[in-house]
Each structure stands twice: as structure tokens, then as C-alpha cells.
Amino acid sequence: RNVRDQPPIFFNPDYSFSVAENATVSSVVGPVFASSQDIGSPPGLITYSITGGDPGNNFAVNASTGVITVSSMLDREQVDFFELVVGAQEEGTPPLYASVIVNVSVTDINDNAPSFGKISESVNVLECHPVNNQSVYTANATDSDYNR
């Protein structure tokens, strides 16, 4: 006789994945997996859910497979890292629960054009200024993409 008295256990103590900021909705981020610790058969059905770390609902987890997917557009310049909490609940009376941390890094793509501080700028150069590869003006631009 199987006594359900042990919570499910995840195969890893935590999980880490990365996903590009241009990943489309339904793109796979990665799987988590938990199993029953109870001895005997049959083990209880385990269902997965995201229980924390995703206030914008950017991710979803398949309740029966544990596969995490993108559920809305990501923007690395807004949020570059998520620390999701994924739960696994084993059916039974009482239902037993375990959770794991899933770290998701959002990787950058070059999706933002550089911008200049001033829209237009005038520079006057004397006609007699020597031509010797010296700059006469330096324009500054910023790019919100990472390391660009």
C-alpha cells in the first residue's frame, strides 16, 4: 500500500536558463522535472505551476510536462533577469507540494538604434584649419542595448 507522505522532489536544486529578448511567444525556455518520493505504486500525478517571480506573466509552465515557455514579449532593456518560483504538486490527500527556483536570463539583441543627445548641431571650421586628421567635433551617442 502506498502512503503519500513525502512531497515531490525536483531533479535539480535550482534551474538556470537563458532566452533571447526577441524570443517569440511559445518559445521553449527549458524544462523542470519533479518526481514522487513515495514508495509504492502508483505515484500521484504531479502538476506544475509558476507561483512567483513573474509579475508581468512573461512565462508559462505546462502543468503536466514542466516545460517553461515564453508567454509574452520580453525586453531585456526593461527586465534582464527573472527568478521564477515553480511549484510541483502531487495529487493525493493531502496534496503535497515542493518548489524550486528557476533563474532566467534575458539575452540582448541589437534592437535599439543609437540616439544622439542633440537633434542637430552646428560646427564652424575655419577655412584655413590644417588638415591633419584631427577631429574638429565629437558627437556623443548612447545605445540602450547591452554593451553597445
Side-chain angles (χ1 to χ4, degrees), residues 1-123 132-148:
R1 183 170 179 269
N2 183 16
V3 177
R4 291 210 174 93
D5 60 354
Q6 298 293 314
I9 187 168
F10 281 90
F11 276 31
N12 294 326
D14 56 56
Y15 293 83
S16 293
F17 302 109
S18 63
V19 61
E21 71 175 314
N22 66 338
T24 57
V25 170
S26 299
S27 294
V28 171
V29 176
V32 297
F33 187 76
S35 65
S36 175
Q37 294 187 80
D38 294 319
I39 297 172
S41 68
L45 176 68
I46 293 178
T47 56
Y48 300 93
S49 60
I50 294 175
T51 61
D54 188 21
N57 296 316
N58 296 103
F59 301 97
V61 64
N62 182 295
S64 51
T65 65
V67 173
I68 299 169
T69 56
V70 174
S71 64
S72 67
M73 297 304 294
L74 302 170
D75 185 357
R76 190 231 157 260
E77 287 74 37
Q78 297 296 317
V79 181
D80 65 350
F81 182 80
F82 293 86
E83 186 175 275
L84 306 178
V85 179
V86 174
Q89 182 171 312
E90 184 177 7
E91 72 176 6
T93 305
L96 299 169
Y97 177 83
S99 64
V100 70
I101 298 294
V102 178
N103 297 305
V104 180
S105 296
V106 180
T107 60
D108 194 36
I109 63 162
N110 190 11
D111 61 340
N112 293 294
S115 62
F116 291 91
K118 295 183 178 181
I119 304 274
S120 66
E121 186 74 37
S122 295
V123 176
N132 55 7
N133 293 330
Q134 290 183 346
S135 55
V136 293
Y137 177 77
T138 301
N140 290 314
T142 58
D143 189 333
S144 60
D145 288 314
Y146 184 69
N147 277 342
R148 305 230 188 251

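With sequence neighbours excluded, the residues that form a side-chain contact (heavy atoms from CB on, under 4.5 Å) with Ser71 are Ala60. In this structure, the side-chain hydrogen bond (donor to acceptor under 3.5 Å, both in side chains) partners of Ser72, at least two apart in sequence or on a different chain, are Asn58.
The two residues Asp14 and Val100 make their nearest non-hydrogen contact at CA-CG2, 3.7 Å. Taking all atoms of both residues into account, the shortest heavy-atom contact from Thr107 to Ala20 is OG1-CA, 3.1 Å. What you find for Ala88 and Ala34 is that their closest heavy atoms are CB-CB, 3.8 Å. In terms of heavy atoms, Gly87 sits closest to Phe10 at C-CZ, 4.2 Å. Contact between Phe81 and Ser105 at its shortest, heavy atoms only, is CD1-OG, 3.8 Å. Across all non-hydrogen atoms, the minimal contact from Pro7 to Tyr97 is CB-O, 3.5 Å.
Residues Glu21 and Glu77 form a side-chain contact, since some pair of their non-hydrogen atoms from C-beta on lies under 4.5 Å apart. Considering only heavy atoms from C-beta on, Val86 stays 4.5 Å or farther from Thr51 through its side chain. Within the 4.5 Å cutoff, no side-chain heavy atoms of Val106 are placed close to those of Val79. Between Leu74 and Phe59, some side-chain heavy-atom pair lies under the 4.5 Å cut-off.
Taking CG of Leu96 as the reference point, atom CD1 of Ile9 lies at 13.0 Å (rounded to 0.5 Å). Of the inter-residue distances, the one linking Glu90 atom CD with Thr47 atom OG1 reads 10.0 Å to the nearest 0.5 angstrom. Distance CG/Leu45 to OG/Ser36: 11.0 Å, rounded to 0.5 Å. Here the straight-line distance linking atom CG of Asp54 with atom CG of Leu84 works out to 5.5 Å at 0.5 Å rounding. Separation of atoms CZ (Phe82) and CG (Asn103) is listed at 12.0 Å; rounding is to 0.5 Å.
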Take Val28 and Ile68 through the side-chain contact (heavy atoms from CB on, under 4.5 Å) test and state the conclusion after the steps. CA-CA 6 Å; Val28 171; Ile68 299 169; over 6 Å; no
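Listed for the Asn12 side chain is no donor-acceptor partner under 3.5 Å among the backbone atoms of Tyr15.
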